[in-house]
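Note sheet for the following structure.
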Number of protein chains: 2
Amino acid sequence: MNVIRPFTNTLERLRAANLRPTRQRLALAKMLFENGDRHVTAEMLHCETQNKGIRVSLATIYNTLHQFTRAGLLREIVVDAQRCYFDTNTSDHHHFYHEQTGQLEDMQLSADMIAAIPTPPGDAKVKQVDIIVRINN
Amino acid sequence: MNVIRPFTNTLERLRAANLRPTRQRLALAKMLFENGDRHVTAEMLHCETQNKGIRVSLATIYNTLHQFTRAGLLREIVVDAQRCYFDTNTSDHHHFYHEQTGQLEDMQLSADMIAAIPTPPGDAKVKQVDIIVRINN
DNA sequence: GTGTTTGCAAAGTGTTTGCAATTTA
DNA sequence: TAAATTGCAAACACTTTGCAAACAC
C-alpha cells in the first residue's frame, strides 16, 4: 500500500483548490490538515504560527481561512458574535459548545435525524444546517 | 372574559422581571411584545424608535435587549459573526435563515427530533440547542 | 515579466463600558 | 433622597480593505 506523504498531500490540496502554494498558505495548510480534525480561530492560528517562528500576518490568516472555506477545505462555525471557528472536518456533523471553556466538540447525528429537518419555505435550497448544543459545566 | 389590556400587560411583564418600567424600557417592550413574534437586531429597534420619534440611545437598546434576555423575555440568536438577532418567541423552536435577505423564519421540529440529540459529554448540562438552517434563493 | 499574494496600517462593524446627569420609587 | 437607569463618547474585539512591496510561475 502507498504511504501517504503529508507534504505532497497538502501541496496537492492547495493546487487542487487553485491556490498558489505560497510559504504562508503551505504553513497554514500543514498546521490545519496534518494534525487530525481541528477547530481553530484566526487568533489561535496566529499564535501558533508565532510560536513556531513562522511569520504570517493576521490579515493573511483571515484571508487564507476564507479562501480555504470557499474552496471547501474548511467549514466556518459561528458560535457567538465574537467567536468564529473554522473546522477542518467538512463532513456532515455538528457541535457541542462548552460555554465555560469556549471549546467546540464534534457531535454526530443520525441520518434520520437530519432527514427529519423541515424543508425550507418556497423554493429555497438548504445551504447548510448548523446545530450547536450549548453546554455548561 | 377579560380583555387583555396591552399596556398593563407589558408593564406587569417588566415588573415581574424586576426591571423598573422606565420610559425607554416600556417603549421597547411595547414594540417587542405587543406585535406578535418578532426577530429584531439592536440596529433595527433603534431605527424603529427613531422613526416613531422616541428617543432611546443605541447603548440603552443593547443594554435593554440583554436585560430582557437575562430575564427570559427574549432569546438571542447568533446568525453570523455580525448579525445577532433577538427573538420574542422564547419557546422551543428553531430557524431558517435566508442568507440573501438576512431574514429569520421560525422552524418547528418534532419533540422526537429534539429528544434524539445526543447527550453532552461528561456531566455537562444542555443550556440551549440552536439549529439554524441556512437557505438560499 | 505578469499576475497573484502578502503585510501593514487604517478603516469598519457591531458591541460594551465609564461616568456624569437624570429618573424612579 | 437613595438607588437605578440613561446617554454620550470613548473604548473594544474582531474582521476587512487599500495599496505598495514581494513572490510564484
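The structure presented is a predicted model; accordingly, all values stated were derived computationally and were not measured. In what follows, chains are A, B, ... by sequence order, proteins preceding strands, each numbered from 1.
Checking the phosphate oxygens (OP1, OP2) of C:dT4, no side-chain nitrogen or oxygen of A:Arg23 falls inside 4.0 Å.
Taking atom CG on B:Leu11 and atom P on C:dT24, their separation rounds to 12 Å, with Å as the unit. Distance, A:Leu19 CG to D:dC25 C1': 15 Å, rounded to whole Å. Rounded to whole Å, the distance from CG on B:Leu14 to C1' on C:dT23 is 16 Å. If you take CG of A:Asn18 and P of D:dA24, they are 17 Å apart, rounded to a whole angstrom. Protein atom CZ of B:Arg15 is 12 Å distant from nucleotide atom P of C:dT24, rounded to whole Å. For A:Leu26 and C:dT5, the CG to P distance is 13 Å, given to the nearest whole Å.
With both pairing distances under 3.5 Å, D:dA2 is matched to C:dT24 as a Watson-Crick or G-U wobble pair. As the counterpart of C:dT17, D:dA9 is assigned, both hydrogen-bonding distances of the Watson-Crick or G-U wobble pattern falling under 3.5 Å.
The stretch residues 71-86 of chain B comes close to DNA chain C through B:Gln82, B:Cys84, each having a heavy atom under 4.0 Å from the strand. In the region residues 48-66 of chain B, proximity to DNA chain D at under 4.0 angstrom, judged on heavy atoms, holds for B:Arg55, B:Val56, B:Ser57, B:Ala59, B:Thr60.
The distance from the NZ atom of A:Lys127 to the OH atom of B:Tyr97 is 10.0 Å, given to the nearest 0.5 Å. The OG1 atom of A:Thr60 sits 12.0 Å away from atom CG of A:Leu45, with the distance rounded to the nearest 0.5 Å.
Note on B:Asp87 versus B:Arg38: no salt bridge recorded, every NZ/NE/NH1/NH2 to OD/OE distance being 4.0 Å or above. The pair A:Arg75-A:Asp130 meets the salt-bridge criterion, since a charged nitrogen lies less than 4.0 angstrom from a carboxylate oxygen.
Among C:dT6, D:dT5, C:dA25, the nucleotide with an atom closest to any side-chain atom of B:Thr22 is D:dT5. Taking the side chain of B:Arg25 as heavy atoms from C-beta on, and the options D:dC25, D:dT5, C:dA25, the nearest nucleotide is D:dT5. Side-chain proximity of A:Gln24 to the nucleotides C:dT24, C:dT6, D:dG7 is greatest for C:dT6.
In this structure, the side chains of B:His39 and B:Phe86 stay at 4.5 Å or more apart for every pair of heavy atoms. At least one side-chain heavy atom of B:Leu58 sits under 4.5 Å from a side-chain heavy atom of B:Glu43. In this structure, the side chains of A:Cys84 and B:Asp80 stay at 4.5 Å or more apart for every pair of heavy atoms. Contact check for B:Leu74 versus B:Phe33: side-chain heavy atoms found under the 4.5 Å cut-off.
Remark: aromatic rings of B:Tyr85 and B:His95 are distant, center separation not under 6.0 Å.
In this model, a side-chain donor or acceptor of B:Arg20 finds a partner on the base of C:dT24 within 3.5 Å.
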